[in-house]
Amino acid sequence: MVPLSYYLVLSGILFACGVTGFIIKRNIITIFMSIELMLNGVNLSFVAFAANWKALSGQVFVFFVMVVAAAEAAVGLAIIIAVYRNRETLNVDRVNLLKL
Amino acid sequence: MTSNLYLWLIPILPLIGAAINGFLGKRLSRQAVSAVALTFSGAAFAMALYVASQFSSLSLPHIETVAPWIRAGQFQVDFGFYLDQLSLVMLLVVTGVGFLIHIYSVGYMWEEGGFYRFFSYLNLFMFFMLTLVLANNYLLMFIGWEGVGLASYLLIGFWFIKDSAASAGKKAFITNRVGDFGFLIALFLLIQHFGTLTFSDLFQKVSALSPETAGAGLLTAIGLLLMVGAAGKSAQIPLYVWLPDAMEGPTPVSALIHAATMVTAGVYMVARSHAIFERAPEALTVVAIIGTLTALFAATIGVAQTDIKKVLAYSTVSQLGYMFIALGVAAFSAGIFHLMTHAFFKGLLFLAAGSVIHSVGGEQDMRRMGGLRTKIPVTFWTMTIATFAIAGIPPLAGFFSKDEILWRAYQASWIYWVIGVFTAFLTSFYMFRLWFMTFFGTYRGEAESGHGQDPHGHGHGIHESPKIMLVPLVILAILSVVGGWIGVPGSLGGSNRFDHFLGPVFRSTAPALNAAHTAPGETAPPENQTEGTEPQTGHSTELAFTGISVLAGLLGLGLAYLLYYRRPELPHRIATSLGSFYEAVRNKYYVDEIYAAIFIKPLIDGSSKVLWKGIDQGVIDNSVNDAADGARDVSDAVRRMQSGNIRSYASWVALGAACVLAYMIWMGTR
Amino acid sequence: MLHLIIFLVFAAVCIAGAVSLLVQRHPINSALSLIAVMVSLAVEYLLLGAEFVAAVQVIVYAGAIMVLFVFVIMLLNAGVEERTLGSRVATIFGIPAMLVGSGLLAWVLVQRSGTGSVAAGALWGDPQKIAQLLFHEFLLPFEVTSVLVLIAIMGAVVLASRPDQAQPGKKEG
Amino acid sequence: MNTPQGVEYIRILPEIVLSVFGMAIMLLDPLLDDRRAPRLLGVVALVGSFAALAATLLQTQSPGLAFWGMVKVDSFSIFFHFLITAITAVVVLTSFEYMEVQKIHAGEYYGLVLFGAVGMCLMSSAVELVLIFIALEISSISTYILAGFRQRAAISSESSLKYFLLGSFATAFFLYGVALMFGATGSTSISLIGQSLSQSPAPLLAYAGIAFMFVGLGFKVAAAPFHIWTPDVYEGAPSPVVGFMSTAPKAAVFAVLLRILFEAHAPGRLWLIWIVAALSMTLGNIGALVQSNVKRLLAYSSIAHAGYLLVAFAALPANGIPAAMFYTASYAAMNVGAFAVISHFAGSGERLVTLEDYAGLGKRSPLLAATLTIFLLSLIGIPMTGGFFAKFYVFSAALQANLPGLVIVGVLNSAVAAYYYLRLIVVMYMRDAREDAPVSRIPLAMGTALVITVFATVYLGVLPGRILEYAAQSANELMR
Amino acid sequence: MNTPTIHSAILTLVTFIPMAGALFLVMFPRRDREIRGFALLVSLLTFVLSLHLPAYFHRNQAGFQFELNVPWIPTPNIHYHMGVDGISMWLVVLTTFLTPLGVLISWKSIHDRVKEFFILFLILETALIGVFVSLDLFLFYFFWEATLIPMALLIGVWGHGRRVYAAVKFFLYTMIASVFMLAAILWLYARTGTFDFVTIRNAIHNGQVEGFAAAAPWLFLGFFVAFAVKVPLFPFHTWLPDAHVEAPTAGSVILAGVLLKMGTYGLLRFNLGLFPEQARANASWISILALIGIIYGALVAMVQPNMKKLIAYSSISHLGFVVMGIFSFTSAGLDGAMFIMLAHGISTGGLFMLAGILYERRHTYEISEYGGLATPMPAYATFFLFITLASVGLPLLNGFVGEFLVLSGAFSAHPVYGILGATGVIWSACYLLWMYQRVFFGKVTHHENLAIPDLTGREKLALWPAAVVALVMGVAPLWWLNAIEPAVQSALAPFSQLASKVVGQ
């Protein structure tokens with residue numbers, strides 16, 4: 001018997017960790033991973049709510065999220081490669097040609 | 001309206017002349033130009049004579065309304081003309097003297113450049129002056145009022161190459177404007193309280209008011225404001241400063257505008273507004289005081305002037321002062337009488353002076369003249385007549401009018417009389433001083449030294465002026481002799497026809513006279529209740545006073561004779577002994593300098609430094625620009641958000657998200 | 001009871017993995033810890049009865065996606081990330097905002113999640129039911145995802161392909 | 001459990017058409033030789049977008065739900081379909097020249113544009129959060145990629161990276177919002193959510209959900225404080241793409257916002273939107289004041305315009321929704337046009353993008369300058385241009401909702417905004433060109449695009465009635 | 001000719017013929033001569049057509065005439081509603097009168113981008129006329145804004161020295177101010193559902209607008225700010241000198257002659273027409289601002305070293321008279337205000353033309369650069385003197401009538417204002433005559449001025465009409481006042497209790 005709120009809080013924590021990672025990490029790939037972490041958090045709450053509402057659509061939603069995540073991963077990593085090719089760095093703090 | 005005299009033609013005729021000369025004159029020959037000018041001014045004069053001939057058959061005042069001019073709400077002003085004895089006198093003086101001076105000018109200006117310009121200006125002046133005289137409402141009068149100002153501006157600045165001339169013109173116009181400002185305010189008051197500016201209705205409404213209520217101040221205020229206007233136009237203290245400078249203009253101009261006609265407009269206007277003034281005793285008193293002071297003040301200055309025209313100018317100012325004394329004591333007809341005679345002899349004086357200047361090649365400084373008596377006899381004799389006339393030596397014109405004024409002034413208050421007599425003494429003194437210095441003794445200058453601007457001095461020595469200039473001199477001389485005889489006071493066995501003639505105009509004055517007389521404190525003899533009807537008693541006293549004033553005149557003559565004929569070295573010693581005072585007098589009491597210091601300079605500096613540089617650029621523009629810069633700085637600050645660093649961006653997003661979340665939760669929990 | 005313990009254990013693992021993702025200095029370690037998070041999440045899904053989701057989680061996420069990550073990390077042989085202080089904003093605003101936000105969120109979730117608790121396998125998401133949904137109600141999204149994947153492929157191709165050497169690699173902008 | 005019938009396919013016909021053409025392009029790409037490829041593929045894409053336009057017209061006959069309540073065709077969705085496909089067509093036109101000048105893979109480019117359009121169209125017609133989410137991702141990802149299309153330019157890939165990372169970041173927020181919404185109502189269908197929210201007092205979770213969804217969508221429309229990515233991304237991305245992604249996805253996202261906020265009766269939104277709108281307008285305009293790079297300048301201006309648009313969201317639905325719809329339309333017209341001019345003028349490698357480069361354009365190419373001037377005037381909001389009526393409707397809607405404060409902020413902002421648009425006009429006409437290099441003559445496709453956009457801008461400015469009527473009617477349908 | 005159709009169509013014709021001409025110019029003539037000639041033709045045609053208005057105008061009839069009212073945009077309910085009354089009619093004629101002169105005066109002075117210049121000039125004319133004839137608030141606002149761009153471009157492209165600064169300043173001042181008006185208009189629309197001026201006015205007078213009482217002060221201010229900047233009233237005036245100094249001659253002529261009148265016209269039409277109570281409540285401080293404008297403008301004008309700046313500041317002073325007259329709420333004041341608007345249009349327009357003529361010859365406006373010009377160019381000096389005197393307010397010239405009426409009106413409403421305002425009579429003489437003396441009198445100081453050519457026939461052609469009109473307006477003002485009076489009376493109707501104090505009760 002696990003209270004629903006536990007799951008939700010866990011998902012919230014994961015989401016928060018993802019946000020934190022995005023904010024503090026310097027390596028672009030890691031930042032991207034943090035985004036994935038956020039998505040995982042979201043997924044957890046979807047599943048939890050699905051269980052809560054006895055509505056399978058929640059679980060289906062998770063599939064789509066995964067697909068999207070996969071797609072994003074492909075595109076994102078491609079972009080990262082492109083950037084790396086142009087700038088020879090993976091440090092976001094050094095990727096700031098565009099400013100002001 | 002009995003019969004239509006086409007009064008509007010009188011002013012229009014000179015205007016046509018002005019237009020013709022102005023637009024075409026450039027191509028016309030001098031003969032043609034002068035012909036046009038003379039024709040039209042002469043025609044105006046003829047019209048005036050015709051009107052005079054018809055005069056007896058008219059029902060006075062004779063009013064002709066031509067067309068409406070301005071209408072706003074219930075307030076309306078027409079182009080309308082107003083003819084009564086007063087305007088008739090003015091009409092004749094203006095057209096007559098004006099015509100003569102036109103003739104004179106043909107000779108005087110013959111060699112001048114801009115001949116056509118001169119005559120078109122001169123005709124223009126005639127137009128405005130006649131409009132002023134014939135107007136049947138204050139606004140139309142104001143047209144003429146401003147118009148003559150314009151004409152004088154143009155004519156003073158006729159030799160615009162000379163900066164002094166240009167400045168003098170400007171000075172004249174602006175000083176007049178100051179006066180007109182008062183005039184305008186007076187008009188506004190009239191409009192506000194009487195709703196009309198047309199003389200007939202207006203005076204009707206005014207007459208309804210009794211002088212007692214005048215203490216309420218409305219009429220007094222109006223009167224004072226009108227007086228401001230008059231002071232500007234007629235060169236009274238404190239606005240007289242422009243007139244002496246106005247002598248920069250050609251001499252005929254000085255004669256016509258700054259002696260005979262325009263400067264008397266103020267007198268005419270006050271006389272025209274007698275209905276108001278009579279009900280505003282305080283105003284009248286002010287008029288009298290201003291007149292007195294001006295008369296004295298100007299006379300003293302005149303004593304020390306050496307420029308022949310300047311002397312005449314100051315004498316004009318002081319003579320105008322006389323007229324205002326007359327008005328101030330409600331002796332309107334006397335004032336007008338003096339106006340007329342003064343027009344004759346002062347016009348003559350100027351023309352003669354012009355002839356002198358002409359003959360000595362543009363020299364105006366009396367110290368470089370002398371002994372001209374024999375060389376230019378006609379000028380000399382006419383000048384002599386004029387001088388005696390202005391000095392008030394019987395039986396010349398000036399004597400009667402001046403005597404009349406003095407007598408009436410005495411009736412009001414002895415102070416006026418004393419000052420008046422003293423002024424009369426001064427007048428005759430400086431006039432004879434001029435006379436002696438110019439015509440007697442030995443010639444002190446050399447004709448060849450002509451002023452640059454006045455191309456008369458080429459070569460040939462002193463010569464009498466051409467006929468065309470002398471004829472007007474002679475005519476005016478005659479007038480200066482006989483002009484006074486139409487106003488011989490009863491005391492001298494005359495019947496003062498002039499006074500009787502003008503009587504009807506001022507007859508409506510009964511209620512006010514007490515106030516007018518009692519104002520200065522001296523109680524007037526009760527029998528002098530009405531203008532026009534001379535008191536039967538008191539001829540003896542009047543005669544005595546007449547004697548005194550004549551005496552004063554002769555005294556002046558004597559003194560001048562002593563100082564400037566017998567012992568020409570004396571004046572210098574006196575001057576040195578008087579020292580600084582004499583200096584002050586010579587420099588016209590530094591009035592111009594004072595005005596410059598307390599009005600003009602602060603105004604210019606203030607506007608330039610404080611208003612323009614300070615407020616306009618300093619405060620307003622700067623604040624606007626600062627606002628712009630401020631925006632730019634803020635913009636920079638906003639741009640700083642764009643550090644270009646993804647993590648910062650994410651932080652902003654997170655921050656925003658947190659805020660939104662907090663807000664929504666707050667909304668949800670409420 | 002056991003149920004709760006399992007949850008807590010794997011929740012702990014989850015959080016530990018997440019934290020280590022943050023603290024690890026080398027991308028590979030971060031990736032590995034992320035995998036740990038995902039696997040333990042799969043267990044949580046099982047606890048919630050979403051067996052199919054759990055399976056997919058392990059296969060697709062932990063398997064495919066993370067492999068991709070690791071591959072890229074290797075490809076670009078990303079080293080230990082250096083300590084650069086490119087963004088003061090992040091420390092001044094970002095972290096506090098994150099803390100506040102997550103605090104609020106947690107409060108909401110605890111306060112008003114509006115339910116009691118869920119039993120193990122409260123809702124049994126077996127493949128059959130899922131398939132039913134996926135191919136009827138969610139048919140359109142399912143089809144549309146194909147477009148999404150298509151785009152992803154194209155994008156990867158375009159971006160990852162070297163720019164043609166028409167004018168040899170000069171950088172602009 | 002029955003299979004969908006034909007009419008339901010008509011209800012997604014535009015999307016189908018677009019994706020079919022997209023695939024066609026991908027198949028053709030390898031078959032053609034590189035010289036002729038761009039032009040041909042462009043034509044295909046153009047045909048495709050026009051076909052989609054036609055399909056949209058076809059839709060008007062058959063409104064209604066489809067695919068188990070996933071999509072809903074109503075005049076609202078048709079409006080946005082029409083708008084998006086039109087934008088796509090124009091963007092394709094503007095891209096012809098660009099392809100050749102910049103030497104970039106035409107095939108993928110056009111394919112991505114069309115596929116992106118698919119996502120956007122779906123967003124405007126989807127009534128189910130799952131579908132909305134996927135459609136959103138489609139449009140976003142395609143734009144991420146498009147942003148990075150100038151591979152040789154470092155800034156391009158950087159902008160793509162920024163857009164991508166931050167975009168996914170925001171998507172995560174949106175997704176979390178959806179999750180919470182699902183948790184609050186147990187459903188992901190907007191209509192059902194609407195019902196449950198309108199019946200009982202909304203649970204706190206719903207508020208949180210709205211908050212997170214708003215963050216995600218707000219990011220996509222570049223509303224402050226989620227706007228910061230915009231300038232960088234716009235500056236780096238290829239100009240036609242900027243013209244595309246600053247209008248079409250925004251329109252779609254605004255459609256979604258409208259549906260979520262109004263159709264789902266999202267609670268407690270007024271002041272949130274008030275503040276966000278005011279913030280966006282102010283930050284956007286102020287930030288633009290000192291920009292010297294034209295693309296950046298327009299990026300800031302687009303932030304500001306998002307703000308104006310949000311003003312309508314604060315107003316009452318009855319006249320707020322039509323105002324917003326009209327605004328998206330006119331903004332699309334003028335912005336696409338403006339970026340078309342920019343991309344034509346920028347030349348190869350997009351070198352000429354600073355204000356100084358525009359000096360003397362009035363002399364060097366009067367036509368181009370005049371066109372750009374029209375767009376700028378419209379952006380300022382001078383009467384007789386679409387921009388004016390857009391602002392006008394928005395503000396009057398706000399006034400009818402009794403929000404004078406917001407209107408004052410708005411009008412002041414539009415006055416301030418005049419300054420920086422004016423700067424560009426001033427530079428074009430009143431500065432002398434540094435070098436009088438004649439601008440390359442405008443090719444046919446670009447010319448057509450400019451004509452269309454100019455016409456649209458002016459038409460919306462002179463006879464806005466029809467469009468607004470339609471918008472109002474669709475708003476009523478939405479409310480029902 | 002005299003059929004109702006032409007009556008309803010005439011305004012549209014007058015308004016849009018210049019625009020049509022501009023479009024034609026865009027396409028056809030190539031050579032500069034043709035362009036100029038065509039522009040002149042169009043403007044003259046417009047002028048002739050506009051004479052139809054006074055010709056068939058029913059004097060002594062209030063209300064709007066030559067009305068045309070057709071729906072334009074259903075939502076919002078915008079009508080194409082045009083019409084003139086005695087007030088706006090003359091301003092239309094003024095515009096059409098000044099435009100040909102502007103074309104003539106810029107005949108030679110504009111040599112590059114001639115085509116664009118005249119196109120913009122004609123467009124500007126259309127916009128200006130539109131402002132005066134439109135009775136639909138939206139239409140009004142449209143034309144109002146439409147005047148902005150051509151004017152700014154005229155200044156910024158064909159101006160001198162700091163033209164860009166001036167143009168931007170002009171644009172921003174007006175733009176920022178007019179958005180407040182837009183807000184006010186929007187509010188009215190939101191409450192009444194119409195833009196029709198007459199409808200709104202009646203609705204307000206019948207108190208059918210809910211929440212009006214509370215909003216009225218702000219609405220009044222909204223309109224007021226927009227107009228005050230245009231006029232320009234004292235604190236908002238600093239854009240004017242810059243704009244004038246930099247603008248090309250024709251630009252200045254139109255700017256001073258017509259553009260400024262938009263502000264005073266707006267005050268008269270909208271601030272008085274829609275918010276009588278507010279107008280009366282705020283009259284005091286507005287009049288004081290006007291008063292400051294009169295004196296301040298004159299004093300600052302006196303010390304300007306730059307001829308055009310001087311004239312610009314003098315306009316500030318003159319427009320101060322207008323505002324004072326308007327807010328005296330007396331028929332004399334309003335009549336006078338209207339009359340000054342027209343007179344100032346003619347005389348100041350003339351002055352700017354003259355200044356421009358001088359600039360063409362010597363390329364400077366610095367007064368110190370001149371002196372003694374009366375000798376080399378007498379005809380020019382004469383025209384200049386004449387226009388100067390008209391501007392000084394010499395009786396029988398156009399300046400006087402208006403000033404007199406305004407002052408008497410202001411005086412009867414509030415003596416102190418009247419008196420202080422009347423000092424303007426002195427100032428104007430000071431600065432103008434001083435300037436005249438410095439430019440024309442004395443010896444020629446700069447040798448390059450010795451050979452300076454006098455007026456050419458074309459310039460005379462441009463100056464004569466102005467001079468003649470100035471004279472006619474001074475001699476026969478009734479021709480204008482007759483038409484103005486009824487409109488003024490109806491404008492004053494709501495002020496009846498004040499109107500009882502109208503001069504000459």
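Throughout, protein chains are lettered first and strands after them, A, B, ... in sequence-line order, and every chain is numbered starting at 1.
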So, do [X] and [Y] sit near enough that their side-chain heavy atoms are less than 4.5 Å apart?
X: E/L153; Y: D/M430; result: yes
X: E/Y141; Y: D/P383; result: yes
X: E/F171; Y: D/V426; result: no
X: D/Q400; Y: E/R191; result: no
X: D/I380; Y: E/M175; result: yes

Discussion item. Among D/I408, D/L468, D/V407, which residue has the highest count of heavy-atom pairs closer than 4.5 Å to chain E?
Written reply: D/L468

Response to the item:
Taken to the nearest 0.5 Å, the spacing of E/F138 CZ from D/F392 CZ works out to 6.5 Å

Worksheet item: Rounded to the nearest 0.5 Å, how far apart are CZ of E/F180 and CG of D/L412?
Response: 4.5 Å

Residue [X] versus chain D: region with a heavy atom under 4.5 Å:
X: E/L172; answer: side chain
X: E/I78; answer: side chain
X: E/A177; answer: neither

Worksheet entry | Crowding at CH2, E/W218 (>12 non-hydrogen neighbours, <6.0 Å) | no

Discussion item. Are more than 12 heavy atoms, taken from residues, nucleotides or ligands other than D/L367, located less than 6.0 Å from that residue's CG atom?
Written reply: no

Discussion item. Testing the basics here: between E/A190 and D/S396, what is the closest heavy-atom pair and its distance to 0.1 Å?
Written reply: CB-O, 4.5 Å

Worksheet, complete the sentence: Closest heavy-atom pair, E/R113 versus D/Y429, reported as atoms and distance to 0.1 Å, is NH2-O, 3.3 Å

Worksheet item: Which region of D/F389, side chain (C-beta onward) or backbone (N, CA, C, O), has a non-hydrogen atom less than 4.5 Å from a non-hydrogen atom of chain E, or is it both or neither?
Response: side chain

Worksheet item: With only heavy atoms counted, which part of D/N319 is less than 4.5 Å from chain E, the side chain, the backbone, both or neither?
Response: neither

Worksheet item: Pick from E/W72, E/Y189, E/W158, E/W144: which one has the most heavy-atom pairs with chain D under 4.5 Å?
Response: E/W72

